[in-house]
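Position 1 is the first residue of the sequence, and the numbers go up from there.
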Amino acid sequence: MSEDESTLHLTDPRAMRALAHPTRLRLLGELRVRGPQSVGMLSELVDEAVGSVSYHLGKLAEHGFIREAPEHARNRRERWWRAAHSRTSWELVEVLHDPERKLASDLLRRAVFQRYVERFQAYLDREATLDPDWVRGTTSSDQTMHLTPDELLELHAELAELGARWQARSDPDRPGARTVTLIWQAYRGPQ
């Protein structure tokens, strides 16, 4: 199920559908960015009732996205959780000829895309309050190219390598370092 210790490779359409819920995507994202959190802390972060958060965490745990982190609890009633992996992936070509997996993959991709939109809108809402040094490095762009399928695959690999190189350099404890989001897309466009 995993490519390596840090990546969960999805093949089960039930897991894809479970993750496609907006609250679950937010919870998993918060655990990946912030590290282990209690149910109460997560409830505040996502602005959802504790009972609702507990339910969604249970669904994430059921499919292996998160694990309990009892070593952080101050007492037996407090429940803490951590992300089980730093990344989730699935191969689109693997689902093409399986209608159930294709439908689940599409549902998850649309939910992830919606999360990207919401996060970028939140950034735009607060951009004017940021230090200009952070705004200077912000970018949003697109390019249209004419590539073969093999060249698109090569571009995919180069983008993944670039992201991995900067991820390896990432250190939340480094003075001045803040969370930065990198999103890219490469796909065959309309003719």
Side-chain angles (χ1 to χ4, degrees), residues 1-123 125-126 160 163-164 167 170-173 178-183 185:
M1 190 175 225
S2 67
E3 295 168 9
D4 59 47
E5 290 288 318
S6 65
T7 302
L8 176 65
H9 182 75
L10 291 180
T11 57
D12 182 355
R14 293 169 302 174
M16 290 177 187
R17 285 191 306 274
L19 186 56
H21 191 284
T23 301
R24 293 180 200 144
L25 280 173
R26 283 198 66 202
L27 290 167
L28 181 58
E30 293 295 346
L31 290 170
R32 285 182 174 166
V33 170
R34 297 175 187 271
Q37 302 284 309
S38 71
V39 173
M41 294 163 78
L42 288 166
S43 174
E44 288 181 30
L45 286 170
V46 301
D47 195 28
E48 293 272 345
V50 170
S52 175
V53 168
S54 291
Y55 171 79
H56 290 302
L57 291 171
K59 288 296 183 186
L60 289 170
E62 179 182 328
H63 294 284
F65 295 106
I66 65 172
R67 295 186 188 117
E68 283 199 64
E71 67 277 11
H72 293 281
R74 291 175 293 210
N75 58 53
R76 291 187 301 175
R77 292 184 57 208
E78 188 176 60
R79 290 185 80 181
W80 282 66
W81 296 88
R82 72 166 29 91
H85 307 88
S86 59
R87 294 183 61 237
T88 302
S89 71
W90 64 99
E91 288 296 326
L92 301 176
V93 74
E94 290 176 2
V95 306
L96 283 179
H97 302 294
D98 180 337
E100 182 183 11
R101 288 173 63 200
K102 175 69 170 118
L103 184 63
S105 171
D106 289 353
L107 184 66
L108 179 52
R109 291 170 69 200
R110 289 174 194 279
V112 168
F113 176 73
Q114 187 58 45
R115 182 73 187 126
Y116 291 160
V117 169
E118 290 167 2
R119 290 188 62 180
F120 190 62
Q121 287 174 331
Y123 166 78
D125 289 344
R126 73 177 202 290
Q167 180 66 44
S170 174
D171 179 359
D173 297 326
R178 299 293 181 270
T179 300
V180 171
T181 300
L182 172 64
I183 298 169
Q185 295 178 311

So how far is it from [X] [atom1] to [Y] [atom2], rounded to the nearest 0.5 Å?
{"X": "Trp81", "Y": "Leu28", "atom1": "CH2", "atom2": "CG", "value": "12.5 Å"}
{"X": "Leu108", "Y": "Leu25", "atom1": "CG", "atom2": "CG", "value": "6.5 Å"}
{"X": "Tyr116", "Y": "Gln121", "atom1": "OH", "atom2": "CD", "value": "15.5 Å"}
{"X": "Leu42", "Y": "Ser52", "atom1": "CG", "atom2": "OG", "value": "11.5 Å"}
{"X": "Arg82", "Y": "Ile66", "atom1": "CZ", "atom2": "CD1", "value": "11.0 Å"}
{"X": "Phe113", "Y": "Gln185", "atom1": "CZ", "atom2": "CD", "value": "6.0 Å"}

Under 6.0 Å from the CD atom of Glu68, do we count more than 12 heavy atoms belonging to anything else shown?
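Yes - once you tally the heavy atoms of other residues, nucleotides and ligands closer than 6.0 Å, there are more than 12.
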
Tell me whether the count of non-hydrogen atoms from other residues, nucleotides or ligands lying under 6.0 Å of CG in Asp125 goes above 12.
yes

Distance-minimising heavy-atom pair for Thr11 and Arg101:
O-NE, 3.1 Å

Between Ser89 and Thr7, the two heavy atoms sitting closest are OG-CG2, 3.6 Å

Could you tell me if the side chain of His63 sits less than 4.5 Å from the side chain of Arg24, heavy atoms only?
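Arg24 does not reach His63 side chain to side chain.
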
Between Leu92 and Ser105, is any pair of side-chain heavy atoms under 4.5 Å apart?
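Side chain of Leu92 against side chain of Ser105, heavy atoms only: contact under 4.5 Å found.
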
So, Asp106 and Lys102, do they make that salt bridge, N to O below 4.0 Å?
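Yes.
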
Would Lys59 and Tyr55 satisfy side chain to side chain contact (heavy atoms under 4.5 Å, CB included), going step by step from the backbone distance to the final call?
CA-CA 7 Å; Lys59 288 296 183 186; Tyr55 171 79; 3.3 Å; yes

With side-chain hydrogen bond (donor to acceptor under 3.5 Å, both in side chains) as the rule and sequence neighbours excluded, what pairs involving residues 34-44 come up?
Glu30-Arg34

Ser6 (side chain) donor-acceptor with Ser86 (main chain) under 3.5 angstrom:
no

Side chain to side chain contact (heavy atoms under 4.5 Å, CB included) assessment of Trp80 paired with Glu71
CA-CA 8 Å; Trp80 282 66; Glu71 67 277 11; over 6 Å; no

Could you go through Ser54 and Arg79, starting from their C-alpha distance and side-chain angles, then the distance that decides it, and tell me whether this counts as side-chain hydrogen bond (donor to acceptor under 3.5 Å, both in side chains)?
CA-CA 9 Å; Ser54 291; Arg79 290 185 80 181; over 6 Å; no

For His72 and Glu78, what are the C-alpha separation, side-chain angles and deciding distance, and is it a side chain to side chain contact (heavy atoms under 4.5 Å, CB included)?
CA-CA 9 Å; His72 293 281; Glu78 188 176 60; over 6 Å; no

What donor-acceptor contacts under 3.5 angstrom involve side-chain atoms of residues 14-21, with partners at least two apart or in another chain?
residue : atom : partner : partner atom : Å
Arg14   : NE   : Asp12   : OD1          : 3.2
Arg14   : NE   : Asp12   : OD2          : 3.3
Arg14   : NH2  : Asp12   : OD2          : 2.9
His21   : ND1  : Thr23   : N            : 3.1

Which residues satisfy the side-chain hydrogen bond (donor to acceptor under 3.5 Å, both in side chains) test with Tyr123, sequence neighbours excluded?
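Partners of Tyr123 under the side-chain hydrogen bond (donor to acceptor under 3.5 Å, both in side chains) test: Glu127, Thr138.
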
Side chain to side chain contact (heavy atoms under 4.5 Å, CB included) between Arg115 and Val112: does it pass, once the steps are laid out?
CA-CA 5 Å; Arg115 182 73 187 126; Val112 168; 5.5 Å; no

Which residues pass the salt bridge (charged side-chain N to carboxylate O under 4.0 Å, His left out) test with Arg26, sequence neighbours left out?
none

Applying salt bridge (charged side-chain N to carboxylate O under 4.0 Å, His left out), can you list everything that pairs with Arg32, at least two apart in sequence or on another chain?
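Once residues adjacent in sequence are excluded, Arg32 has no partner under the salt bridge (charged side-chain N to carboxylate O under 4.0 Å, His left out) criterion.
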
With sequence neighbours excluded, residues passing side chain to side chain contact (heavy atoms under 4.5 Å, CB included) with Thr179
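Partners of Thr179 by the side chain to side chain contact (heavy atoms under 4.5 Å, CB included) criterion, ordered by chain and then number, come out as Val33.
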
